[in-house]
Asks: 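What follows is a single structure, and I will ask about it in a moment.
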Amino acid sequence: MARKKIVAGNWKMNLSPRKAEKFTKEMRSVINTDNVEVVMCVPFVYLTMVQEILDGTKIKIGAQNMHYADEGAYTGEISGKMLSRMKVPYVIVGHSERREYFAETDTTVNIKALKALSHGLIPIICIGETLKQREFERTFEVISKQLAIAIHDMSEEDIAKIVIAYEPIWAIGTGKTATKEQAEEVCAAIREQLRTQYGDIADSVRILYGGSVNEKNANELFNMPNIDGGLVGGASLKPSFEKVVHYQ
Ligand code: PEP
């Protein structure tokens with residue numbers, strides 16, 4: 001069965017409430033596709049507003065992070081259980097900015113992803129190498145380790161649901177996109193690792209590329225055999241996000 005592409009926007013910590021409302025309404029009126037699953041991952045405080053604006057459209061919402069506990073004394077945190085109760089279908093887990101600035105590790109990524117799945121959320125699990133690791137030709141080793149830990153203890157059923165985003169850190173927010181060949185070879189390696197562990201279910205897992213995707217490079221990247229769409233940062237805040245979504 002063909003894998004449906006996903007284009008997920010990651011607003012990060014951007015936009016005022018008024019701009020968020022205006023932009024979501026704009027996207028609601030111009031995005032219309034059955035070929036691609038569109039997800040807008042917005043700041044927690046905007047989830048309900050964006051959800052209401054997008055009600056009745058095919059665009060879905062996602063959170064950018066979650067806590068692995070269901071509830072408790074974790075001031076400032078939001079649980080997967082809360083997101084699930086608020087009918088948020090997607091959650092980004094282990095974005096490199098979370099790993100860099102908030103001390104997330106492969107292990108916490110695994111715990112969060114498992115918890116997300118247990119609440120019926122779809123985790124978009126981010127993995128990616130630094131520039132130094134690439135230059136020292138350690139990309140495949142790094143990615144393989146991150147992936148192995150991120151999916152530890154997942155059942156075949158879990159694996160069929162997750163989304164993996166290969167995001168080379170050197171390409172995030174830098175305007176420096178991986179070439180389609182660089183992105184494809186890592187996404188293909190990720191799928192092969194999944195196949196070794198889980199067999200043919202690997203063919204149904206969506207593997208996204210992220211790192212300076214825009215309306216100009218989306219088409220060539222998303223048409224590679226093992227790239228099933230993208231996780232888009234900067235370009236998800238611009239009107240041209242519509243062009244990334246309608247990349248074909
Ligand atoms: C991201 O935030 O995941 C990302 C890929 O950002 P950008 O598209 O801006 O590089």
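One-based numbering along the sequence shown. In each ligand, atom 1 is the first atom listed, and ligand 1 is the first ligand listed. Just so you know, these numbers come straight off a predicted model, no measurement behind them.
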Asks: Only heavy atoms count here, so choose which of H95, Q64, K176, E97 is nearest to atom 1 (C) of ligand 1.
Replies: H95
Asks: Classify the side-chain pair D106/H152 by whether it contains a donor and acceptor separated by less than 3.5 Å.
Replies: no
Asks: Does S212 reach ligand 1 with a nitrogen or oxygen that is under 3.5 Å from one of the ligand's nitrogen or oxygen atoms?
Replies: yes
Asks: Can you find a heavy atom in the side chain of I169 that is under 4.5 Å from one in the side chain of L131?
Replies: no
Asks: So is I172 polar-close to ligand 1, meaning N/O to N/O under 3.5 Å?
Replies: no
Asks: Which pair of non-hydrogen atoms, one from V244 and one from A235, has the smallest distance, and what is that distance?
Replies: CG2-CB, 4.5 Å
Asks: With atoms numbered from 1 as shown, which atoms in ligand 1 lie under 4.0 angstrom from a non-hydrogen atom of L231?
Replies: 3 (O), 5 (C)
Asks: Heavy-atom contacts under 4.0 Å between A171 and ligand 1: side chain, backbone, both, or neither?
Replies: backbone
Asks: Count the heavy atoms of every other residue, nucleotide or ligand shown that sit under 6.0 Å from OH of Y68, and state whether that count exceeds 12.
Replies: no
Asks: Looking only at atom types and distance, does a side-chain atom of T24 sit under 3.5 Å from a main-chain N or O of I53, one as donor and one as acceptor?
Replies: no
Asks: Does the Lys NZ or Arg CZ of R98 fall within the cation-pi geometry relative to F102 - under 6.0 Å from the ring centre and within 45° of the axis?
Replies: yes
Asks: Where does N10 meet ligand 1, judged by heavy-atom distances below 4.0 Å: at the side chain, the backbone, both, or neither?
Replies: side chain
Asks: Which protein non-hydrogen atom lies closest to atom 5 (C) of ligand 1, naming both residue and atom, and how far is it?
Replies: E167 OE2, 3.0 Å
Asks: Considering non-hydrogen atoms only, spot the tightest contact between D228 and L208 and give its length.
Replies: O-CD2, 3.4 Å
Asks: Backbone or side chain, does any N or O of G233 fall under 3.5 Å from an N or O of ligand 1?
Replies: yes
Asks: Could you tell me whether the side chain of V205 reaches within less than 4.5 Å of the side chain of I190, counting heavy atoms only?
Replies: no
Asks: Which residue and atom name correspond to the protein heavy atom nearest atom 9 (O) of ligand 1, and how close is it?
Replies: G234 N, 2.8 Å
Asks: For atom 2 (O) of ligand 1, find the nearest protein heavy atom and state the residue, atom name and distance (0.1 Å precision).
Replies: K12 CE, 2.7 Å
Asks: Please check whether G173 reaches ligand 1 - meaning an N/O of the residue sits under 3.5 Å from an N/O of the ligand, judged on distance alone.
Replies: yes
Asks: With a cut-off of 4.0 Å, which atoms of ligand 1 are near a heavy atom of G211?
Replies: 5 (C), 10 (O)
